[in-house]
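We count ligands from 1, going down the list as the structure has it; atoms in each ligand are counted the same way.
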Amino acid sequence: MARRWTNDLSRGDATPKQCYLNRRQLIAAGSSGLALSAWPAAAQTDALEPNSFEEITTYNNFYEFGTGKTDPKENAGQLTTSPWAVEINGMVDKPGTYAFDDIMAQMDIEERIYRLRCVEAWSMVIPWQGFELADLLALAGPNPEARFVEFQTLMRPEEMPGQEYPILDWPYIEGLRMDEAMHPLTIMATGLYDEPIPNQNGAPMRLVVPWKYGFKSIKSIVRITLTDDQPSTTWNKAGPSEYGFYANVNPTVDHPRWSQATERRVGGGLFSKRIDTLMFNGYDEVAPLYEGMDLEAQF
Ligand SMILES: Nc1nc2c(c(=O)[nH]1)N[C@H]1C(S)=C(S)[C@@H](COP(=O)(O)O)O[C@H]1N2
Ligand SMILES: [Mo]
């Protein structure tokens, strides 16, 4: 089997945006009557053709701005994202407040085109720009006894209208085991299609853990805590039987209310399709992190 995706994708491998847009026009032409045989076989095999900027920024989950898919796009414009800082504390040598601009000045920004698989069984392919979380944690100097990392989203009900309602236990909290956090596939995304990441996608910086269900990829982060206790996380508290701490994408472990065997790839109009969900969302290289674990019990 071909490698689905790797952590060593260089900028040169990515589909250029313009080329991609041309493909979209072709597909649009196809749906209005052009012979389908006229367009390339890549349409069947290119599982990592990115979704459009429009799709990625108008179909979102960001409950701080409402629970509808278009609410974040409509309501997130009012969020003030500059200045921004993230507090890094807990089991680190250099706890403190790290200004977003200072972080960016020290990080190597690279592109990662990743699948994003929501626990609700839809998915997209997103061209992120960002840096490895490990590089950010290194600034603060993790202590050897740190076993987990806890992340917190901004709490600002004046600008995040969803926080006025007890939909979730605000602020939104997520967590990773230390080895998951240090894995080179785990990034902080700060850009999308070579633009600063839009507010609805988690400006100015959000986690992306591509082998886990999307709810682990917490947005608009203001605090990172290294700890030896497994963090108590928002969705796990809201529904412990439905949203596990690990939340690894796994087609063989169903959500109590729906199958996780397949997913709907967002976009493409007529060509929107149901595809098989892959173990670890196709990122097989993380499998060693879970050796010896019962992934049905620790879902
Ligand atoms: N703070 C916060 N982060 C969040 C969410 C949220 O509601 N609040 N939703 C999560 C869910 S369920 C998903 S699928 C992804 C969606 O990311 P996207 O809108 O950029 O595609 O963000 C995740 N991060
Ligand atoms: Mo999600």
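A salt bridge links K69 with E120: the closest approach of a Lys/Arg side-chain nitrogen to an acidic carboxylate oxygen falls below 4.0 angstrom.
For atom 6 (C) of ligand 1, the nearest protein heavy atom (residue, atom name, distance) is Y172 CE1, 3.3 Å. In this structure, the protein non-hydrogen atom closest to atom 15 (C) of ligand 1 is G214 O, 3.6 Å. Taking atom 8 (N) of ligand 1 as the reference point, the nearest protein heavy-atom neighbour is E64 OE1, 2.8 Å. The closest protein non-hydrogen atom to atom 9 (N) of ligand 1 is N61 O, 3.2 Å.
Residue contact check: T153 has heavy atoms under 4.0 Å from atoms 1 (N) of ligand 1. Short contacts between ligand 1 and C118, defined as distances under 4.0 Å to a heavy atom of the residue, involve ligand atoms 14 (S). Less than 4.0 angstrom separates some heavy atom of Y63 from each of these atoms of ligand 1: 6 (C), 7 (O). Which parts of ligand 1 touch F62 is read off a 4.0 Å heavy-atom cut-off, strictly below it: atoms 1 (N), 2 (C), 6 (C), 7 (O), 8 (N).
Ligand 1 has at least one atom lying under 4.0 Å from a heavy atom of S217.
More than 12 heavy atoms of other residues, nucleotides or ligands shown are found within 6.0 angstrom of CD on Q106.
Taking the six-membered ring for Trp and the full ring otherwise, the centers of F245 and F299 sit at least 6.0 Å from each other. For F62 and F65, the ring centers are positioned less than 6.0 Å apart.
Side-chain contact check for W235 and Y213: no donor-acceptor pair (N or O, by modelled atom type) lies under 3.5 Å.
Sorted by first and then second residue, the side-chain hydrogen bond (donor to acceptor under 3.5 Å, both in side chains) pairs with a member in residues 139-157 read E150-R223, Q152-R223, R156-E159; sequence neighbours excluded.
The same ILVMFWY cluster, assembled from side-chain heavy atoms under 4.5 Å apart, contains both V86 and L137. Clustering ILVMFWY residues whenever any of their side-chain heavy atoms sit less than 4.5 angstrom apart, transitively, puts M279 in the very cluster that holds Y114.
Looking at ligand 1, you'll find an N or O of R206 within less than 3.5 Å of one of its N or O atoms. By the 3.5 Å distance cut-off applied to N or O atoms, K219 is counted among the residues near ligand 1. Every N/O-N/O distance between Y59 and ligand 1 stays at or above 3.5 Å. When only interatomic distances are considered, the shortest N/O to N/O separation between W122 and ligand 1 does not fall below 3.5 Å.
Residue M124 does not touch ligand 1, judged by heavy-atom distances below 4.0 Å.
Every residue was checked against the side chain to side chain donor-acceptor pair (under 3.5 Å) condition with Y98, not counting sequence neighbours, and none meets it.
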